[in-house]
S.K.: 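After the structure tokens below, expect a handful of questions from me.
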2 protein chains.
Amino acid sequence: MNENAPATTFAYKPLYMQVKDQLVRRLIDGEWQPGQLIPSEMELARQVGVSQGTIRKALDAMTAENLLIRRQGRGTFVASPEESRILFQFFRMVPDDGETSFPQSRILKRDRARATRRDARALDLQAGEAVWLTERLRSIRDKPLLVETIRLPAARFAGFGDVADLPNNVYGLYSQRWGVTIARASERLKAVAASEADAAHLGCATHTPLLEITRVAFDLENKPVELRVSRCLTDMAHYAAELR
Amino acid sequence: MNENAPATTFAYKPLYMQVKDQLVRRLIDGEWQPGQLIPSEMELARQVGVSQGTIRKALDAMTAENLLIRRQGRGTFVASPEESRILFQFFRMVPDDGETSFPQSRILKRDRARATRRDARALDLQAGEAVWLTERLRSIRDKPLLVETIRLPAARFAGFGDVADLPNNVYGLYSQRWGVTIARASERLKAVAASEADAAHLGCATHTPLLEITRVAFDLENKPVELRVSRCLTDMAHYAAELR
DNA sequence: GAGTGGTCTAGACCACGGG
DNA sequence: CCGTGGTCTAGACCACTCC
């Protein structure tokens, strides 16, 4: 399987990286589904034709990217959006008093719309292409926390508008229904003033300072999949970040 | 070198972790200074009495925590706050148009004060203990970006008030002058309204929404060292976060 | 060419989970 | 008990840097 042997070596790629790409391919192609147990290191080493140590480096790299979960004594599993660790991987708003609970949601609007230039740039589409638009209110213990707007390219999410009950954690739905795995996301935070609509939904005064989170989420192939703008009350909660 | 010998709890710790702790100790004790070249893997393996592979795992773990920087063909170096990568590790406000530049600073106030209960809790002090208090305005291309207040425990930063010119990057100063290395930080973000003082410094209207970043920075021994509250204009810049 | 970190292999043993 | 991933070792070779 090794086809480097570069003389003047311009694009050298370590074997374990090539193996990793090959294994990620199995995730992309849906050969390995979220939650599934994948073959053991020994078995993979046999299949791919490299040593167990090289397989291990590839699996470790994928584990570091939260694509896999390894459990000693049990095996290696494909990460799934239902895992509690993954659940909070993308949800960084936590109540000030500490208790981390997942918010419930209420749909405010669902629509089919045309991508604005901003949407198109963020989602790598042509301006005017169809997008699904969802607006919802999320609360913790019945106290409104944030309103958010989610934009999805209609081309990749056929029938999204027909889904009756949108689950609280939509990334699980993306995975189950359309085979789209969210691998990473990029966020930009700003402080903005609440519009009248924001204020009405959140039960605060107009012009109340809100934390605006603009997120672009990417799939396994690093293509943008979702654009989400959340506007959050921060009187009882905050956005938590760890810098290392 | 092995001194775990747990009575009841079977606290098993892998060898490479014990080695890592031992090497981190050398950083804490100042035996290895920021920027310095440390011994090669082979030499360390000989010193510690384990194989090169085990040393490597320890060094890799430290590199993952940004404590070391490894350069193929040259050696392994102690990370230093002057490195450009480290510089931006703790500075996440970037201009919307992309150009990442480090802001200049102007000192507004420097004082010795008593820790409030909040300061004491954050910095693990007794309420009323002495702290150094610094307030400064930071701008990018002469446009005010944020005002921030930095609180340091006076006990660990003797003579801080005598430092004439505070450098832009204070973490380098902490390291050189007091041997304090900032290893990680924890941030909480909220949206707040600009006070009259904020507005005066930032050149904006009172009640303008500001992004408030409350940071606690920790040293190599995981003890809190600095409490910093920054209030940022976000009309031309944003806080960037990557979720994986 | 000598020395560094980076990769790759192979084998032994350990800790964990579940029959 | 077995099979899993996790650790530890030892040695060979590769890519990079500097003299």
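Order of the sequence lines fixes the chain letters, A, B, ..., with proteins taken first and strands second; residue numbering starts at 1 for each chain.
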S.K.: State which residues pass ring-ring contact (aromatic ring centres under 6.0 Å, His included) with B:F77; sequence neighbours excluded, sorted by chain then number.
M.R.: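 Listed in chain order: nothing, the list is empty.
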S.K.: On the nucleotide D:dT4, are OP1 or OP2 found under 4.0 Å from the side-chain N or O atoms that A:T76 carries?
M.R.: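 A:T76 to D:dT4 OP1/OP2: no side-chain N or O under 4.0 Å.
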S.K.: For residues A:N168 and A:S105, is any side-chain donor paired with an opposing acceptor at under 3.5 Å?
M.R.: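 Side-chain D/A pair, A:N168 to A:S105: present.
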S.K.: Among all residues two or more places apart in sequence or in another chain, which pass the ring-ring contact (aromatic ring centres under 6.0 Å, His included) test with B:F218?
M.R.: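 Testing B:F218 for ring-ring contact (aromatic ring centres under 6.0 Å, His included), a comparison that skips the adjacent residues, returns none.
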S.K.: A:Y239: what forms a ring-ring contact (aromatic ring centres under 6.0 Å, His included) with it, not counting sequence neighbours?
M.R.: none
S.K.: Using heavy atoms and a sub-4.0 Å distance, could you list which residues of residues 59-70 of chain A are near DNA chain D? By number, please.
M.R.: A:R70
S.K.: Please list residues of residues 31-39 of chain A whose heavy atoms come under 4.0 Å from any atom in DNA chain C, ordered by number; otherwise none.
M.R.: none
S.K.: Can you build the contact string for nucleotides 12-19 of chain C? Use B for base contact, S for sugar-phosphate-only contact, and - for no protein heavy atom under 4.0 Å.
M.R.: ---BBSS-
S.K.: For a quick check under 3.5 Å, do B:N66 and B:R184 share a side-chain donor-acceptor pair by atom type?
M.R.: no
S.K.: Examine the side chains of B:E31 and B:Q36 and answer whether a donor and an acceptor come within less than 3.5 Å of each other.
M.R.: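 No donor-acceptor contact under 3.5 Å links the two side chains.
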S.K.: Side chains of B:K20 and B:M62: closer than 4.5 Å at any heavy-atom pair?
M.R.: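 Counting from C-beta outward, B:K20 and B:M62 do come under 4.5 Å.
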S.K.: For C:dG3, does either OP1 or OP2 sit under 4.0 Å from a side-chain N or O belonging to B:S40?
M.R.: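 Checking B:S40 against C:dG3: no side-chain N or O falls below 4.0 Å of OP1 or OP2.
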S.K.: So that I know where these two stand, are B:W132 and B:F157 an aromatic pair - ring centroids less than 6.0 Å apart?
M.R.: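 No, too far apart.
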S.K.: Is there a donor-acceptor contact under 3.5 Å linking the side chains of B:Q176 and B:E82?
M.R.: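 Yes - a donor-acceptor pair under 3.5 Å links their side chains.
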S.K.: Whether B:S51 contacts D:dA10 is assessed here as follows: a side-chain N or O lying under 4.0 Å from the phosphate OP1 or OP2. Is that the case?
M.R.: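 Answer is no, no contact under 4.0 Å.
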